[in-house]
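The block underneath contains the structure these notes are about, expressed in structure tokens.
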Amino acid sequence: MNLVDLRSDTVTRPTKEMLNAISYSKLGDDVYQDDPTANQLQEKAAELLGKEDALIVTSGTQGNLISILAQTNRGDEVIVGDMSHIYNYEAGSTMIIGGTSLFPIPNDNTGSLDINDLQNAKKSDDYHKPKTKMLALENTHNMAGGKVINLTELELITSQARVLSLLLHLDGARLFNASIYLGVKPKKIASYFDSVTFCLSKGLCCPIGSIIVGSREFIQECRRWRKILGSGMRQVGVIAAPGILALDTMVDRLAEDHLNARFLAEGLSNIKGVLIDPENIQTNIVRFNLSKEYSNKSKILVSELMKKNIIINPSKDNFRVVTHHDISKKDCEHFLLSIAKILKN
Ligand SMILES: Cc1ncc(COP(=O)(O)O)c(C=O)c1O
């Protein structure tokens with residue numbers, strides 16, 4: 001039986017078509033900006049997100065870091081959600097490398113923010129304080145269980161941020177999951193922001209890479225920061241070729257991952273010992289808890305599932321499973337039957 005890897009959508013392997021595209025891609029030297037495949041991907045991404053220009057970078061973390069460094073100076077501050085990936089999982093990189101601090105305000109359980117908290121977080125012009133320069137949002141929101149900030153909410157928060165003269169960055173690692181869920185074009189979501197990053201290497205199945213989009217001038221500055229970080233890459237077409245294919249063929253199919261996630265959530269809600277509200281599952285991330293009486297099972301859950309060829313990340317009390325291209329409905333059924341058995345024994 002094949003491995004059912006539910007840890008993340010980052011575990012997806014490139015498809016045969018992607019590997020073929022890599023072998024046939026036209027290559028150049030991207031530091032000279034003459035890799036035709038990289039250029040084609042960047043033009044396509046910019047067009048898709050309605051921005052002037054785009055840049056391929058090594059990872060989502062690098063995309064967020066470069067986007068922030070290119071728009072802030074040492075001593076500036078970026079407001080982020082306290083559950084955001086930028087704040088929790090990017091090693092404080094903006095502070096280490098750019099001297100730009102992060103100021104967290106509470107995320108609600110949809111990944112959104114309260115505009116009063118936003119207003120209070122913006123510092124006055126006072127030399128005792130950092131200069132609040134930017135607000136960074138995340139959509140879909142990973143720690144909020146793949147939740148989507150809807151357009152009304154986005155409009156509200158971003159217009160308030162503009163009133164406060166803040167720049168706006170979107171960590172759109174899973175931007176296409178958000179656009180599929182909302183039934184809007186990705187450029188609609190991107191239109192609220194100065195800079196957006198999205199990942200090729202998550203649900204879109206590519207082996208490596210993320211994209212930053214924004215104005216021509218901003219992307220030029222990003223190119224400089226990418227070089228400073230040692231990621232001025234050469235024959236980037238080998239990364240870009242699957243990226244082009246992904247944008248053409250992998251976006252619409254994310255809806256299937258959302259259906260499988262919902263199927264998993266509904267199945268889990270019928271298993272004694274599992275706490276989950278399927279109504280909360282909007283995209284491809286499913287978070288669930290074990291009830292108190294079953295909490296002793298949390299230690300053995302991962303190893304018992306492994307015996308059935310299923311991998312999930314260990315957790316003390318809040319488990320996350322993620323659906324993706326390499327997870328079928330049958331795999332979901334196998335997971336549900338397995339977890340039900342483990343909790344029953
Ligand atoms: C919301 C979000 N932003 C950024 C990243 C970082 O992406 P990468 O792992 O490519 O650095 C992730 C990765 O899981 C993520 O979930």
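Everything numeric here is computed off the predicted structure, so don't read it as measured data. Just so you know, these numbers use all the heavy atoms, side chains as well, and skip hydrogens, waters and symmetry mates. Position 1 is the first residue of the sequence, and the numbers go up from there. Ligands are counted one by one from 1 in listed order, and the atoms in each one are counted from 1 as well.
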message: Starting from atom 3 (N) of ligand 1, what is the nearest protein heavy atom, named by residue and atom, and what distance separates them?
response: D171 OD2, 2.6 Å
task: Mark up the atoms of ligand 1 that fall under 4.0 Å of a heavy atom belonging to E90, in ascending order.
output: 4 (C)
- request: State whether the side chain of S112 and the backbone N or O of I149 hold a donor-acceptor pair below 3.5 Å, judged by distance alone.
  value: no
- prompt: So, is the end of the K51 side chain (NZ or CZ) under 6.0 Å from the ring centre of F218 and within 45° of the ring's axis?
  reply: no
- prompt: Can you find a non-hydrogen atom of Q62 under 4.0 Å from ligand 1?
  reply: no
Mode of S59 contact toward ligand 1 - side chain, backbone, both, neither (heavy atoms, under 4.0 Å): both
field: Minimum-distance protein heavy atom relative to atom 5 (C) of ligand 1
entry: H85 CE1, 3.3 Å
query: With distance as the sole criterion, is a donor-acceptor pair present between the side chains of S67 and S195 under 3.5 Å?
result: no
query: When you measure from the side chain of Q235 to the backbone N and O of G28, does any donor-acceptor pair fall under 3.5 Å?
result: yes
- line: Residue, atom and distance of the protein heavy atom nearest atom 10 (O) of ligand 1 read G60 N, 2.8 Å
message: Contact between ligand 1 and H141 is defined here as a heavy atom of the residue under 4.0 Å from a ligand atom; is it met?
response: no
Contacts of type side-chain contact (heavy atoms from CB on, under 4.5 Å), residue S93, not counting sequence neighbours: L65, E90
Approximate separation, where rounding is to 0.5 Å, of L264 CG and I285 CD1: 12.5 Å
query: Tell me: protein heavy atom nearest atom 1 (C) of ligand 1, and distance?
result: E138 OE2, 3.3 Å
query: Do N177 and H258 meet the criterion of a side-chain donor-acceptor pair at a distance under 3.5 Å?
result: yes
field: Mode of T61 contact toward ligand 1 - side chain, backbone, both, neither (heavy atoms, under 4.0 Å)
entry: both
- request: Quick one: look up the protein heavy atom nearest atom 7 (O) of ligand 1 and list residue, atom name and how far away it is.
  value: K202 NZ, 2.8 Å
message: Any nitrogen or oxygen of N142 lying under 3.5 Å from a nitrogen or oxygen in ligand 1? Just yes or no.
response: yes
- prompt: About how many Å separate CG of L268 and CD1 of I339, when rounded to the nearest 0.5 Å?
  reply: 5.5 Å
